[in-house]
Amino acid sequence: MIERKHTLSRRSFIIRGAAAGGAALLGGCDQLSQSPSFRDMLDRAEGLTEWAQSLVLSQRSMAREYAESDISVYFKPNGSTRVADPEYIRASQNGFVDWKLRISGLVERPGEFSLDELRRLPSRTQITRHDCVEGWSAIGKWKGAQLGPILQSVGLKPDARFIVFHCADKLSFFSNYYESIDLIDAFHAQTILAYEMNGAALPVPHGAPLRLRVERQLGYKHAKYIQHIEVVASYSDIGDGRGSYWADRGYEWYAGI
Ligand SMILES: Nc1nc2c(c(=O)[nH]1)N[C@H]1C(S)=C(S)[C@@H](COP(=O)(O)O)O[C@H]1N2
Ligand SMILES: [Mo]
């Protein structure tokens, strides 16, 4: 029986849920939590009952996973397939040994993670289908550090709502690529910072050394070449204010499959 008399902030509940092994709650119909207007409502709602929140958590179903034999022979690299930034080029020539991921914003302990440090964190390997908005799909195997435990280790501040990924590549002359996700997706078991693809180090065309996999959304949400993660209360100050390079150019911010 679910205890209904407490009200918690959505954030603390999600974090507790994740800590208690939120994956155990996964399964069932995913329609409600995938609905953009429902998620908007959640983002505004303070102090939902624990009962309502557990309903939401129970809707966090897993994206379909495939067998090794389903892995695509060819996986199209798309969008940026290289990075012009001199610092990135130098790091890539050096096998990314002194590359660092920076985490800043609404966290208790901002800091940097090397690739080795990321590799030592709780990881997940998943064979999933990538669906690009342009109409092609490919199946690949991804291994990476789960984002949830990383966020727990740096500690989210109470007003944290979105995780922003700042990338090293410029897709247009004026702007680096950027993306953001909400805490529901950030703490989902299949949301990983991938450093391996199909059993090898992530290749440069696919986003080396680190790219996001957020399996229940379309391809453009899967930020490649991540160099900086910023935790924010609102993404209105990022880019043109819609939370994503492609959302700022007319696509949906929430790109549910
Ligand atoms: N940094 C960055 N991330 C990006 C892009 C990009 O151009 N730059 N393109 C997006 C799009 S539209 C898709 S379909 C996927 C492509 O991933 P892939 O190159 O591994 O196929 O990356 C996404 N992430
Ligand atoms: Mo895409």
Side-chain angles (χ1 to χ4, degrees), residues 63 65-66 70-89 91-92 96 99-103 115 118 124-145 147 162-182 185-186 190-230 235 238-240 242-257:
E65 295 192 16
Y66 294 79
D70 298 320
I71 294 173
S72 300
V73 177
Y74 177 69
F75 196 120
K76 178 185 156 84
N78 202 38
S80 297
T81 53
R82 52 185 287 277
V83 177
D85 175 52
E87 212 176 298
Y88 176 92
I89 292 171
S92 74
F96 296 105
W99 172 93
K100 292 251 177 19
L101 169 72
R102 183 157 81 91
I103 303 189
L115 263 188
L118 290 169
R124 194 171 196 284
T125 301
Q126 55 206 33
I127 302 175
T128 53
R129 196 185 69 196
H130 178 101
D131 296 322
C132 175
V133 76
E134 294 164 0
W136 57 271
S137 299
I139 293 174
K141 178 160 89 169
W142 307 97
K143 180 180 181 187
L147 182 56
F162 299 98
I163 312 300
V164 180
F165 303 90
H166 297 281
C167 305
D169 61 307
K170 280 187 172 8
L171 197 48
S172 77
F173 187 74
F174 296 104
S175 174
N176 282 55
Y177 200 89
Y178 49 95
E179 256 305 339
S180 62
I181 60 175
D182 62 18
D185 268 329
Q190 289 169 314
T191 299
I192 61 174
L193 301 178
Y195 43 73
E196 277 184 26
M197 177 187 190
N198 297 340
L202 186 65
V204 168
H206 293 286
L210 198 68
R211 65 101 48 90
L212 179 65
R213 296 299 308 171
V214 50
E215 303 292 355
R216 299 173 309 167
Q217 295 203 53
L218 290 173
Y220 62 85
K221 299 297 290 187
H222 300 234
K224 306 194 285 187
Y225 313 112
I226 298 171
Q227 58 181 7
H228 173 200
I229 290 178
E230 187 185 5
Y235 46 68
I238 312 285
D240 292 335
R242 291 185 198 85
S244 142
Y245 181 90
W246 282 116
D248 279 334
R249 285 156 184 81
Y251 287 91
E252 293 296 326
W253 172 79
Y254 187 77
I257 292 172

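Just so you know, ligand 1 is whichever comes first in the structure, and atom 1 is the first atom listed for that ligand.
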(request) Below 4.0 angstrom from a heavy atom of C132, which ligand 1 atoms are there? Numbered from 1 as shown, please. (result) 14 (S)
(message) Please tell me whether F165 and Y225 form a close aromatic pair, meaning their ring centres lie under 6.0 Å apart.
(response) no
(request) Return yes if a side-chain donor-acceptor contact under 3.5 Å exists between S92 and W99, otherwise no. (result) no
(request) Look at atom 3 (N) of ligand 1 and say which protein heavy atom is nearest, naming residue and atom and giving the distance to 0.1 Å. (result) K224 N, 2.9 Å
(request) Measure the distances from the heavy atoms of F165 to every atom of ligand 1 and state whether one is below 4.0 angstrom. (result) no
(message) I want to know if ligand 1 touches Y220 in the polar sense, i.e. an N/O pair below 3.5 angstrom.
(response) no
(request) Can you pull out the closest protein heavy atom to atom 22 (O) of ligand 1? Residue, atom name and distance to 0.1 Å, please. (result) R211 NH2, 3.6 Å
(request) Write out the residue and atom name of the closest protein heavy atom to atom 24 (N) of ligand 1, then the distance separating them to 0.1 Å. (result) H222 O, 3.0 Å
(message) At less than 4.0 angstrom from any non-hydrogen atom of F75, what atoms of ligand 1 do you find?
(response) 20 (O), 21 (O)
(message) I'd like to know if E65 pairs up with R124 as an ion pair, taking the criterion as any Lys NZ or Arg NE/NH1/NH2 lying under 4.0 Å from an Asp or Glu carboxylate oxygen.
(response) yes
(message) At less than 4.0 angstrom from any non-hydrogen atom of C167, what atoms of ligand 1 do you find?
(response) 1 (N)
(request) State the atoms of ligand 1, each with its element, that fall below the 4.0 Å cut-off from a heavy-atom position in L171. (result) 7 (O)
(message) Could you check whether any side-chain heavy atom of I257 comes within less than 4.5 Å of a side-chain heavy atom of L218, counting everything from C-beta outward?
(response) yes
(request) Tell me, please: is H130 in heavy-atom contact with ligand 1, that is, under 4.0 Å? (result) yes
(request) Check for a donor-acceptor pair, side chain of Y254 on one end and backbone N or O of Q217 on the other, with a separation under 3.5 Å. (result) no
(message) Suppose I only count heavy atoms of P77 and a 4.0 Å limit; which atoms of ligand 1 are within that range?
(response) 19 (O), 21 (O)
(request) Run through T128, D70, I127 and flag the one making a side-chain contact (heavy atoms from CB on, under 4.5 Å) with K141. (result) I127
(request) Would you please classify the geometry between the W136 ring and the F75 ring as parallel, tilted or perpendicular, with 30° and 60° separating the classes? (result) perpendicular
(message) Rounded to the nearest 0.5 Å, what separates atom OG in S137 from atom NE2 in H130?
(response) 8.0 Å
(message) Return the closest protein heavy atom for atom 21 (O) of ligand 1 as residue, atom name and distance.
(response) K76 O, 2.6 Å
(request) On the 0 to 90° scale, with breaks at 30° and 60°, tag the Y245-Y177 ring pair as parallel, tilted or perpendicular. (result) parallel
(message) For the residue pair D248 / Y178, report whether a side-chain donor-acceptor contact shorter than 3.5 Å exists.
(response) yes
(message) For atom 10 (C) of ligand 1, what's the nearest protein heavy-atom neighbour? Residue, atom name and distance, please.
(response) Y177 OH, 3.4 Å
(message) Below 3.5 Å, N or O to N or O, backbone or side chain included: is there any such pair between Y225 and ligand 1?
(response) no
(request) Measure the distance from atom 20 (O) of ligand 1 to every protein heavy atom, then report the residue, atom name and distance (to 0.1 Å) of the closest one. (result) H206 ND1, 2.7 Å
(message) Salt bridge or not between D131 and R129? Use side-chain N to carboxylate O under 4.0 Å.
(response) yes
(message) When you compare ligand 1 with W136, is there at least one nitrogen or oxygen pair between them that comes in under 3.5 angstrom?
(response) no
(message) Applying a heavy-atom cut-off of 4.0 Å, say which part of P205 lies close to ligand 1: side chain, backbone, both or neither.
(response) backbone
(request) For N78, counting its heavy atoms only, list the atoms of ligand 1 lying under 4.0 Å from any of them. (result) 9 (N), 12 (S), 14 (S), 16 (C), 18 (P), 19 (O), 21 (O)
(message) Just to confirm my output: which protein heavy-atom neighbour is closest to atom 8 (N) of ligand 1, and how far is it?
(response) D169 OD2, 2.8 Å
(request) Could you tell me the separation between the CG atom of L212 and the CG atom of L193, rounded to the nearest 0.5 Å? (result) 6.5 Å
(message) Quick check on side-chain contact (heavy atoms from CB on, under 4.5 Å): which of R211, E196, K143, K224 does L202 satisfy it with?
(response) R211
(request) Considering heavy atoms of the protein only, find what lies nearest to atom 7 (O) of ligand 1 and give residue, atom and distance to 0.1 Å. (result) S80 N, 2.8 Å
(message) Measuring from non-hydrogen atoms of E179 to any atom of ligand 1, is the shortest distance under 4.0 Å?
(response) no
